[in-house]
Amino acid sequence: MYPSKIPVLIVGGGPVGLALAVELGWRGVACMLIEQGDGKIATPKMNEVSTRTMEICRRWGMADRVLNCPFPADYPLDVAFVTSMFGYEMGRVKRPPRAAQEPEPHSPYRLQACSQIWFDPMLREMTQSFPHVNLRYRHRLEHFTATAEGVQAKILDRDAGEVRHITADYLIGCDGATSPVREALGIALDGKDVISNPIHMYFRAPDLVKQAGKQPATFFLPADRDGLWGNIRVIDPVNAMWRLMVDATDGTATPETVDREGYLRRAMGRPLDVEWLGLSIWKRRSVVAESYGNGRVFLAGDAVHQLSPTGALGMNSGVGDAVDLGWKLAAVLQGWGGDGLLASYDTERRMIGVRNVGAATGFYAINEGFGRGCAKLEEDSAAGAAERCKLGALMEKHVGQEFRTIGLQLGYRYEDSPICIPDGTPAPPDEPGTYVRTARPGSRAPHVWLEEDRTILDLFGRGYTLLRFSHAADVSGIEEAARDRGVPLETADIDHAEAADLYGRRLVLVRPDGHVAWRADATPADPLALIDRVRGAA
Ligand SMILES: Cc1cc2nc3c(=O)[nH]c(=O)nc-3n(C[C@H](O)[C@H](O)[C@H](O)COP(=O)(O)OP(=O)(O)OC[C@H]3O[C@@H](n4cnc5c(N)ncnc54)[C@H](O)[C@@H]3O)c2cc1C
């Protein structure tokens, strides 16, 4: 059944559109997602699900599925620096396999290896578990008109060859880098359009690691006398599926002219018979949209930020967009979001887009040709060994930074957000490799175990959560103000010394997306003003 009217129409069924459909579905908001393709992933891009995305998956009830994905739990996530796959190993960043990961204080999870070939279908199954989410493959947005009242969309049902007309309260373009929705809105991209022209080659090579005489690793980064030039990554160890990425080419290659065998020989250090599975020629960009939407039309994911995969921030940033936008759309559609709530999406997320694109480009700038000019690198001699030892250590330190990103994954905060109330404390440093646990307004409310397998994060999500670390504080004024405005709010009394210390104030108000909106030791003089501010109505 085709609805003629829908609250939210999502265009694009990549991981970000699917994540938004899950977020809305989880919040009880009816939506339709249209994807022009059939949902099959021939050439997977995304493989690393960040710590924060894992926490979001926990809220949605799918974290265990990610943890149990077909990437083997005992396969090390290490990054090995090599002269070639069959050549010398020069250094290694150790990242333990899932089965051996020790819990860390800052999250119930670590970053996980879970390719898009598994992650996207998990998201799709989640969307299909909500009867109010309407998922349509092989449906393409042809045109839309947005007014102050709503959005009229013209959609082509590609199988039926029929055109459908749907009215939506909001239209969200999760339609990828070439985003027709962004184009139609006339929103430009700021930044450096093309920073390199990479090529991906997918192949099957059973027992490759064993044949090469290496210890297993997820990434093998090859450097020769021209420096670091690509990466060899296992996507699906059980089915021996690998991807060779060439970092930069002159941009003239076509699928017919790519010298796959030549690149493979260079990567392996010798000829190797493989089963070729696919090829993708793409552009590495460093851009952020000048705006994340206009009126009733919003954009998320690669439609608004395109970045180098160094640092694995692409989809993970897009999931962050989906979560920020999702609760705000729900609030407005459910009648308790203020007039300024949706506008805060641009304020909050655009600055994170700029931050993450900058970090990813910075990692790529370090990588590009790293170690170029080491003429004896592949030599079986004492001088060659000395060069490898030196370069390996440098690669671990410098190139390795893109694999030590806990600050990037968890430390993003909504500075200067109109719907968060600063408490005057200084911002902790925002560094890629370091995360400082803090409940400063704008930050992700930090994790602490309250009981075995019960994190404080489990309290957040449906509405606002008012954490009360002192039973004595009278929060009835805040509760009444929330009731008055129809804002869903639950008070949670926390009797836990570590949490009290970490959160730093007796009262902490956490938003539905798990970010801190406000904290203080006493109730505010005007609780209605507090509630209006955090719901975007002040
Ligand atoms: C080599 C590589 C490795 C990467 N690794 C990681 C990683 O480990 N972690 C990470 O977080 N990110 C990674 N990324 C980035 C990540 O893949 C992207 O950021 C992510 O796929 C973007 O998702 P999206 O849903 O925004 O866009 P897309 O995946 O591009 O999806 C957009 C969808 O919109 C559809 N569409 C477009 N126009 C229309 C229309 N008119 N009507 C209907 N549908 C339409 C398209 O068919 C497409 O399916 C990597 C990228 C690369 C290149």
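Order of appearance sets the numbers: ligands from 1, and atoms from 1 within every ligand. Not measured: the values here are computed from a predicted model.
The side chain to side chain donor-acceptor pair (under 3.5 Å) check on Asp247 picks up nothing, with sequence neighbours excluded.
Neither the backbone nor the side chain of Val181 comes within 4.0 Å of ligand 1, counting heavy atoms alone. Contacts with ligand 1 closer than 4.0 Å are made by heavy atoms of both the backbone and the side chain of Pro15. Here Ala312 has heavy atoms under 4.0 Å from ligand 1 in both its backbone and its side chain.
Protein heavy atom at the shortest distance from atom 8 (O) of ligand 1 is Glu48 N, 2.9 Å. Among protein heavy atoms, atom 30 (O) of ligand 1 sits closest to Gly176 CA, 3.6 Å. Protein heavy atom at the shortest distance from atom 51 (C) of ligand 1 is Lys45 CB, 3.7 Å. Atom 6 (C) of ligand 1 has its closest protein heavy atom at Met46 CA, 3.5 Å. Nearest to atom 48 (C) of ligand 1 among the protein's heavy atoms is Glu35 OE1, 3.4 Å. Looking from atom 44 (N) of ligand 1 to the surrounding protein, the closest heavy atom is Gln36 N, 3.1 Å. Looking only at heavy atoms of the protein, atom 25 (O) of ligand 1 is closest to Val16 N, 3.0 Å.
Of all atoms in ligand 1, listed by their number and element, those nearer than 4.0 Å to a heavy atom of Val11 are 40 (C), 42 (N), 43 (C). Near Arg140, meaning under 4.0 Å from one of its heavy atoms, ligand 1 places the atoms 40 (C), 41 (N), 42 (N), 43 (C). Here is the list of ligand 1 atoms found below 4.0 Å of a heavy atom in Gly14: 25 (O), 29 (O), 31 (O), 33 (C). Listed by number with element, the atoms of ligand 1 under 4.0 Å from a non-hydrogen atom of Gly301 are 26 (O). Below 4.0 Å from some heavy atom of Pro180 lie the following atoms of ligand 1, by number and element: 38 (N), 41 (N).
In this structure, Trp242 and Phe203 have parallel ring planes: the angle between them is below the 30° cut-off, well short of the 60° mark.
With hydrogens and angles left out, the side-chain atoms of Tyr414 and Arg349 include a donor and acceptor closer than 3.5 Å. With no hydrogens or angles considered, no side-chain donor-acceptor pair links Ser344 and Glu348 at under 3.5 Å. Gln409 and Thr51 are linked by a side-chain donor-acceptor pair at a separation below 3.5 angstrom, with hydrogens and angles left out of the test. With no hydrogens or angles considered, a side-chain donor-acceptor pair links Thr455 and His447 at under 3.5 Å.
For Cys174, the closest heavy-atom approach to ligand 1 falls below 4.0 Å. Residue contact check for ligand 1: His139 places a non-hydrogen atom closer than 4.0 Å to it. Residue Glu142 places every heavy atom at 4.0 Å or more from ligand 1.
Nearest approach of Ser417 to Arg511, heavy atoms of both residues: OG-NH1, 4.4 Å. Contact between Trp118 and Cys69 at its shortest, heavy atoms only, is CE3-SG, 4.0 Å. Here the closest non-hydrogen pair linking Leu9 and Ala168 is CB-CB, 3.9 Å.
Polar contact check, Trp282 against ligand 1: no nitrogen or oxygen pair lies under 3.5 Å apart. In terms of N/O distances under 3.5 Å, ligand 1 is approached by Leu141. Checked against a 3.5 angstrom limit, the closest N/O atoms of Gly37 and ligand 1 fall outside it. For ligand 1, none of its N or O atoms has an N or O atom of His200 under 3.5 Å away.
With atom 11 (O) of ligand 1 as the reference point, the heavy atom nearest to it among Met315, Arg158, Arg138 is part of Met315. Among Asp302, Thr53, Leu156, Thr310, the residue whose heavy atom lies closest to atom 22 (C) of ligand 1 is Asp302.
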Q | CA sep, side-chain torsions, deciding dist, call: Arg284, Ser308, side chain to side chain donor-acceptor pair (under 3.5 Å) | A | CA-CA 6 Å; Arg284 190 189 307 266; Ser308 169; 2.9 Å; yes
Q: Kindly indicate, with the supporting measurements, whether the criterion ring-ring contact (aromatic ring centres under 6.0 Å, His included) is fulfilled by Tyr412 and His515.
A: CA-CA 10 Å; Tyr412 61 90; His515 281 251; 5.6 Å; yes
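For the pair Arg266 and Trp229, the cation sits on the ring face: its NZ or CZ lies under 6.0 Å from the ring centre, inside 45° of the axis.
Here the straight-line distance linking atom CG of Asp78 with atom NZ of Lys214 works out to 13.5 Å at 0.5 Å rounding.
For residues 49-69, the salt bridge (charged side-chain N to carboxylate O under 4.0 Å, His left out) pairs, not counting sequence neighbours, are Glu23-Arg59, Arg52-Glu55, Glu55-Arg444, Arg58-Asp453, Arg58-Asp458, Arg65-Glu125.
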